[in-house]
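The block underneath contains the structure these notes are about, expressed in structure tokens.
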Amino acid sequence: MSKLQPVRGTHDLLPDEFRRFSHVVGTARDVARLYGYREMATPIFEFTELFARGIGEATDVVSKEMYTFSDRGNESLTLRPEYTAGICRAFVSNGELSQQLPLKVFAAGPMFRYERPQKGRQRQFHQIDIEVLGAPEPGADIEVISVAADILDRLGILERCVLKINSLGDPECRGVYRKVLVDYYSGHLDKLSEDSKSRLQRNPLRILDSKDEGDKAINAGAPSFADHLNQASRDFFATVKDGLVAAGIAFEVDPTLVRGLDYYTHTAFEFVTTHIGAQGTVLGGGRYDGLIAELGGPPTAGIGWAGGIERLMMLCNEPPAEPRPVVIAPLGAAAEARALGIARALRRQGITVEQDYRGNMKRRLQRANKLNARAAIIIGDDELARGVAQLKDFDSGDQREVALDALAGALKG
RNA sequence: GCGGCCGUAGCUCAGUUGGUUAGAGCGCCAGAUUGUGAUUCUGGAUGUCGCCGGUUCAAUUCCGGUCGGCCGCCCCA
């Protein structure tokens, strides 16, 4: 099997798989539309600077997972590793988007991250994405989570997921807490795992989520973020939680939930599942009120999430079956020519019709069977002369004669 | 980036304690009278045993490397 291989961590979406892919995206799009979100798209690559500044230089994503290259004009470009930064950039680039706040957008497309592939983790993967810009109110947090829950519900996977939420506070108390944490862990440096030592400067909040047994023991005595939230952050979080309850959305507060991207503030959340292996986060996001200003735009609040399409595909129900085609089987050159027009007329009526390019009757019916056709329209010289066709039903095996101009009616009825 | 498992026909897998033409099921192709599928019967084709190199008289079987997949860590969707 010395065949051409796709690049590591990429894969082809063959027709059967693509059907499930479109089902996920289509479902998400439909639900987002019900909430008034409008779809848009941004380029697959951006200036490297955008991600470095937006996501944070020190994050894993930026420091070791980006597909970065120089183009022929010597610009450093990067294949987008996530959607939020690009959408925020588009918001800043296109002044008209700020004329009607809040801006509510839906987007979907490929993302790229240089990681070790495993189940639910590829180098090119796809996300659906929702963002609300210009809404500092907790109502936006609630709505965005509600959209996610409805999408998961429609896909039939909500009951296999748990919604975890946490508050990362505002920059003020986040900074205070960060310092408190670093002080605390610095006192236990000798017992900290290697991973966590390196996390200490980079992202100390993440140590709280460590799976290392030694770290867990130290974490037991760690100061909690909840105790360090300022009043405004506390109130904000309480409103979000009350709203979720009012909307009938079940959740768990998880104080160890920390997002790896620097721009998050206040609400952070994830829908996680245990059904698809270690990469159990199916959809996650949060609030990023400082990001747009950080990128050089007007201070504008933001909140949103991204969902992994491949992960959702692993969990979701079979999409509805495609309509079964009708096959038109002409015999002879004259009938074949005539069939082209008949097939086209039927398709204009919304009937799926397949016409083979070659083959005798047996061959054509065999193929019809493989296509899971519901019926065949058989037209030979005899039928042609009389202006009729044999209409064969594949499920019952019955066959009857139908006038050519009555075909559409017969197939619809 | 770290650790572990794996790689035989289109698919799922068996097999060779190193030795002539590497197997099964499913699928695929052909036939069972002239214009009728699926079902049934008969016959057929499958493959550089992932790739490169080493050991050996001899390797798909042993060893090394490499590429790819899977599992866990890390990280995240």
Side-chain angles (χ1 to χ4, degrees), chain A residues 1-11 14 24 28 55 59-65 81-84 108-130 148 161 193-196 198-199 202-203 206 209-212 257-261 268-273 276-285 304-315 327 329-332 335 356 359-384 390-399:
Chain A
M1 255 214 287
S2 68
K3 291 179 180 172
L4 288 176
Q5 289 180 331
V7 173
R8 180 167 209 198
T10 68
H11 75 295
L14 304 184
V24 169
I55 300 171
T59 60
D60 280 19
V61 169
V62 170
S63 64
K64 49 192 186 196
E65 295 177 1
E82 56 104 57
Y83 226 142
T84 305
M111 305 294 153
F112 306 85
R113 258 122 93 158
Y114 187 87
E115 294 186 275
R116 177 104 174 231
Q118 70 183 75
K119 189 174 183 181
R121 189 168 80 182
Q122 295 134 260
R123 290 181 175 182
Q124 176 178 338
F125 61 105
H126 300 79
Q127 291 186 330
I128 51 176
D129 189 280
I130 286 280
C161 293
S193 69
E194 284 308 312
D195 274 341
S196 289
S198 74
R199 282 189 280 230
R202 222 163 13 104
N203 194 349
R206 195 159 269 299
D209 197 21
S210 175
K211 291 177 182 86
D212 181 86
L257 174 60
V258 174
R259 316 235 75 227
L261 281 38
F269 60 91
E270 285 182 354
F271 284 86
V272 299
T273 181
I276 55 172
Q279 307 303 318
T281 299
V282 133
L283 184 152
W305 52 253
I309 297 176
E310 285 85 355
R311 291 182 188 178
L312 292 165
M313 283 166 68
M314 289 190 272
L315 280 170
V327 161
L331 305 165
D356 268 341
N360 57 19
M361 168 118 86
K362 184 186 179 77
R363 154 105 200 156
R364 286 170 190 265
L365 292 186
Q366 263 177 1
R367 219 176 109 73
N369 193 60
K370 272 175 196 147
L371 294 169
N372 191 224
R374 52 191 251 247
I377 299 162
I378 300 163
I379 306 172
D381 291 337
D382 175 44
E383 285 83 2
L384 203 55
Q390 302 298 327
L391 183 60
K392 182 183 178 87
D393 181 294
F394 277 110
D395 293 331
S396 65
D398 295 342
Q399 182 171 317

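Each chain gets a letter, A, B and so on, in the order its sequence line appears, and its residues count up from 1. From a predicted model like this one, the values you see are computed outputs, not experimental measurements.
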Mind checking [X] for me? I need base, sugar-phosphate or nothing, with any heavy atom below 4.0 Å counting as a touch.
X	result
Gly9(A)	sugar-phosphate
Ala306(A)	sugar-phosphate
Leu312(A)	nothing
Glu194(A)	nothing
Arg374(A)	nothing
Lys392(A)	base
Leu331(A)	base
Gly285(A)	nothing
Arg364(A)	nothing
Lys64(A)	nothing
Arg311(A)	base
Gln118(A)	base
Asp382(A)	base

Starting at atom OH of Tyr114(A), determine the distance to atom P of C75(B), rounded to an integer number of angstrom. 19 Å

Would you kindly check whether a donor in the side chain of Gln399(A) faces an acceptor in the base of U36(B), or vice versa, at under 3.5 angstrom? yes

Would the base of C74(B) count as contacting Arg121(A) through its side chain, where contact means a donor and an acceptor less than 3.5 Å apart? yes

Distance-only, no hydrogens or angles: does the [X] side chain make a donor-acceptor pair with backbone N or O of [Y] under 3.5 Å?
X	Y	value
Glu310(A)	Arg121(A)	no
Arg113(A)	Val61(A)	no
Arg123(A)	Pro117(A)	no

Residue met sooner reading RNA chain B from 5', once Arg116(A) and Gly307(A) are mapped to nucleotides: Arg116(A)

Starting at the 5' end of RNA chain B and moving along, which residue's nearest nucleotide shows up first, Phe125(A) or Pro6(A)? Pro6(A)

When rounded to the nearest Å, what value does the distance between P atoms of A45(B) and G25(B) take? 14 Å

Output the single nucleotide from [options] whose closest atom is nearest the side chain of [X].
X	options	result
Glu115(A)	U36(B), A77(B), C74(B)	A77(B)
Arg206(A)	C75(B), G35(B), C29(B)	C75(B)
Asp60(A)	C29(B), C74(B), G37(B)	C74(B)

Which dot-bracket string describes RNA chain B (Watson-Crick N1-N3 plus N6-O4 or O6-N4, or G-U N1-O2 and O6-N3, all under 3.5 Å; [ ] crossing; | other strand)? (((((((..((((.....[...)))).(((((.......))))).....(((((..]....))))))))))))....

